[in-house]
Novice: 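Dropping a structure here in structure tokens format, bear with me for questions.
In this chain, residues are counted from 1 in sequence order. This structure is a prediction, so every number in the text was calculated from the model and none was measured.
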Amino acid sequence: MATEKEIAVAQPDASANSSSEKSSSEFESVRNLKQAEGEAYASGGDTRYYEPIASYEGKHRWDPKAEWTDKEEKHVVRKLDLRICSWACLMFFALQLDRGNINQALSDNMLNDLGLNTNQYNYGQSIFYLCFLCAELPSQMISKKLGPDNWIPIQMVCWSIVAICQCRLSGESSFYACRALLGLIEGGFIPDVILYLSYFYKSKELPIRLSFFWSSYILTQIISAFFALGLLKLRGYQGWEGWRWLFALEGILTAVIGVASWFYLPPSPTQTASYFRGKNGWFTEREEVVMVNRILRDDPSKGDMHNRQGLSLKLLWKAVCDYDLWPIYLLGFTWTLPTHTITAYLTLILRSLGFNTFNTNLLTIPASTLCLIQLIFWTWVSERINNRFFIVLVCQIWMLPLVIALAVLPGDYSAWSRYALLVMCVGFPYIHAILVAITSRNAGSVRTRTVGSALYNMAVQASSIISSNIYREEDKPLYRKGNRVLIGIVVWNFVLIIGTKAYYMWRNNSRDKIWNAMSDDEKRNYLATTTDEGNKRLDFRFAH
């Protein structure tokens, strides 16, 4: 038996006989759930106005009359978690292993071996993040045209080759060149995967799946620390330093994952059949019906484009100019600055406190573990209480006393006490998954979701450029000036987060007044004739 909610959304009135009755019942609203439950669209629109385009890859499974039970849907979601989400996490492991192992290399005196100082390292990281940023949008355009299932594995193999080449670094120029190439190739990976996951999950399911996704990023920091304990001991073998072996062997591992991803990733929920995935695919016809209809009833805009449809320059410009997402981009630029700054220098700071290479890598594990726990917990809480920006604010509340302490503690303060503060800073409530999901959810269309995910991540990478230059050579080892800058950034984030939530509440309330004052006929006429698109429609509601 279907639940009352599913019947209300999907089942037309069987007693309707006349054409007028059919108009008001068979095309019953696909959005009968209340906005208070976090749905994308307000109630009152007829199903016919939310029908996917003819070329949509799941159109043959679209059925506005389809019913299913909660048990069936949960079974489908579990299969998606096993087949899709878990592999996305594995791919993120590969990304973070190759872009993050430089922190372990630093603990093995890589800078001294190459004759580099802290400022030159900063420049190299700035080059990486700048190239990473510049690659985001072009990569999304390619991904939308080729399909993420094709483009993501190509990226992975290419960046693995560059990562392996880092074992031959010889000085400043080669260091900068490799950082630039890694940034250009890796840049689009995260928004590409987010777009891919949105094909399979509802808007309320995506945040916790993204928390699993970023959990793999944090787990990689823990796993790579253990890898480093063994690989860095190869210093001297075949005349190589340990960090050279680290780059070479971890690059080979990620290349293998990239090749496997080429054969593994399906294009969409209804396109899983292949020589490697089985001639019948992963899902039955019934499961495909459930997957397609539950996604489109949650957010009908996902049927606006097919998964091999590229964006024209006109559509790209319209998505860039979507001012309703600009507050999230601005927040992406500043919310990570305090923690990214401290995280990037964690191993260097621990070495300056007197810890050796072995202990330094071990001591990064508690911070990563704490961050992992907080990521999953706070993402779950945000959806549970249907309040995202309050949880985002919790992150800054957590950070403020910690950065104040780092700025004012005397230099002779206990190394272990300073280490505890650093653990708390790096293990902060990581709310990245919440903001990424809000960007996808508030886009309101496939084109804006495609571009918005890239622009948000570009803002985050731009913040990484800034964070790589807040701690300076002349300010070490306590970085007093840098920590005072971080205090100011946290205070700014307080203002920005509260202002962003207030903006979305105002936008929703304004539309509610207009929409709720309209009769059913007026709503149908609006949906039939409107030129409003995506999140500019009167029936669209922003998550906050």
Side-chain angles (χ1 to χ4, degrees), residues 96-134 159 161-187 221 224-225 227-229 231-251 340-361 363-364 422 426 461 463-479 481-482:
Q96 185 56 28
L97 195 64
D98 280 344
R99 75 170 180 172
N101 55 11
I102 191 170
N103 291 323
Q104 283 81 39
L106 291 177
S107 71
D108 193 44
N109 296 315
M110 185 189 83
L111 295 184
N112 291 336
D113 292 336
L114 294 176
L116 304 177
N117 59 33
T118 302
N119 286 348
Q120 289 171 312
Y121 168 69
N122 288 346
Y123 299 146
Q125 288 299 86
S126 296
I127 290 171
F128 170 80
Y129 289 124
L130 181 61
C131 292
F132 201 99
L133 182 155
C134 292
W159 86 51
I161 293 172
V162 177
I164 295 170
C165 290
Q166 290 181 112
C167 71
R168 304 299 297 173
L169 291 177
S170 58
E172 183 178 8
S173 298
S174 58
F175 175 65
Y176 291 160
C178 280
R179 299 317 289 172
L181 286 173
L182 276 178
L184 286 172
I185 299 170
E186 293 178 349
Q221 294 176 324
S224 63
F227 282 178
L229 293 178
L231 296 177
L232 294 180
K233 290 183 181 296
L234 293 174
R235 174 175 279 268
Y237 183 71
Q238 298 293 322
W240 275 16
E241 295 86 349
W243 57 265
R244 295 188 188 275
W245 287 107
L246 183 78
F247 286 140
L249 296 178
E250 291 186 349
H340 272 188
T341 300
I342 297 169
T343 301
Y345 283 83
L346 181 61
T347 53
L348 289 176
I349 295 174
L350 292 178
R351 289 303 303 271
S352 72
L353 292 176
F355 298 106
N356 60 30
T357 300
F358 181 84
N359 289 334
T360 292
N361 283 289
L363 289 172
T364 62
L422 294 171
V426 176
Q461 299 312 317
S463 76
S464 298
I465 297 174
I466 304 299
S467 66
S468 297
N469 291 279
I470 291 178
Y471 284 174
R472 304 294 296 174
E473 178 80 14
E474 60 275 11
D475 195 25
K476 71 178 187 181
L478 299 178
Y479 302 108
K481 293 180 181 178

Novice: For Ile466, which residues count as a side chain to side chain contact (heavy atoms under 4.5 Å, CB included) partner, sequence neighbours excluded?
Specialist: Phe333, Leu337, Ile470
Novice: Which pair of heavy atoms, one from Ala180 and one from Cys131, lies closest together, and at what distance?
Specialist: O-CB, 3.5 Å
Novice: So how far is it from Gln166 CD to Leu246 CG, rounded to the nearest 0.5 Å?
Specialist: 9.5 Å
Novice: With sequence neighbours excluded, tell me which residues meet side chain to side chain contact (heavy atoms under 4.5 Å, CB included) with Ile164.
Specialist: Ile252
Novice: Taking the side chain as C-beta and beyond, is there a heavy-atom pair between Phe247 and Arg168 under 4.5 Å?
Specialist: no
Novice: With sequence neighbours excluded, what pairs up with Tyr129 under the ring-ring contact (aromatic ring centres under 6.0 Å, His included) test?
Specialist: none
Novice: Does Phe175 reach the side chain of Ile127, with side-chain heavy atoms less than 4.5 Å apart?
Specialist: no
Novice: Show every salt bridge (charged side-chain N to carboxylate O under 4.0 Å, His left out) that has at least one partner inside residues 116-130, sequence neighbours left out.
Specialist: none
Novice: Report the residues that fulfil side chain to side chain contact (heavy atoms under 4.5 Å, CB included) with Val162, sequence neighbours left out, ordered by chain and then residue number.
Specialist: Leu181, Leu182, Ile185
Novice: Which residues satisfy the salt bridge (Lys or Arg N to Asp or Glu O under 4.0 Å) test with Arg179, sequence neighbours excluded?
Specialist: none
Novice: Given Gln125 and Ile102, is the side chain to side chain contact (heavy atoms under 4.5 Å, CB included) satisfied, shown in steps?
Specialist: CA-CA 10 Å; Gln125 288 299 86; Ile102 191 170; 3.9 Å; yes
Novice: Is any side-chain heavy atom of Leu114 closer than 4.5 Å to one of Gln120?
Specialist: no
Novice: With rounding to the nearest 0.5 angstrom, report the CG to CZ distance, Leu184 to Phe128.
Specialist: 10.0 Å
Novice: Output every pair passing salt bridge (charged side-chain N to carboxylate O under 4.0 Å, His left out) with a member in residues 110-127, not counting sequence neighbours, ordered by first then second residue.
Specialist: Asp113-Arg235
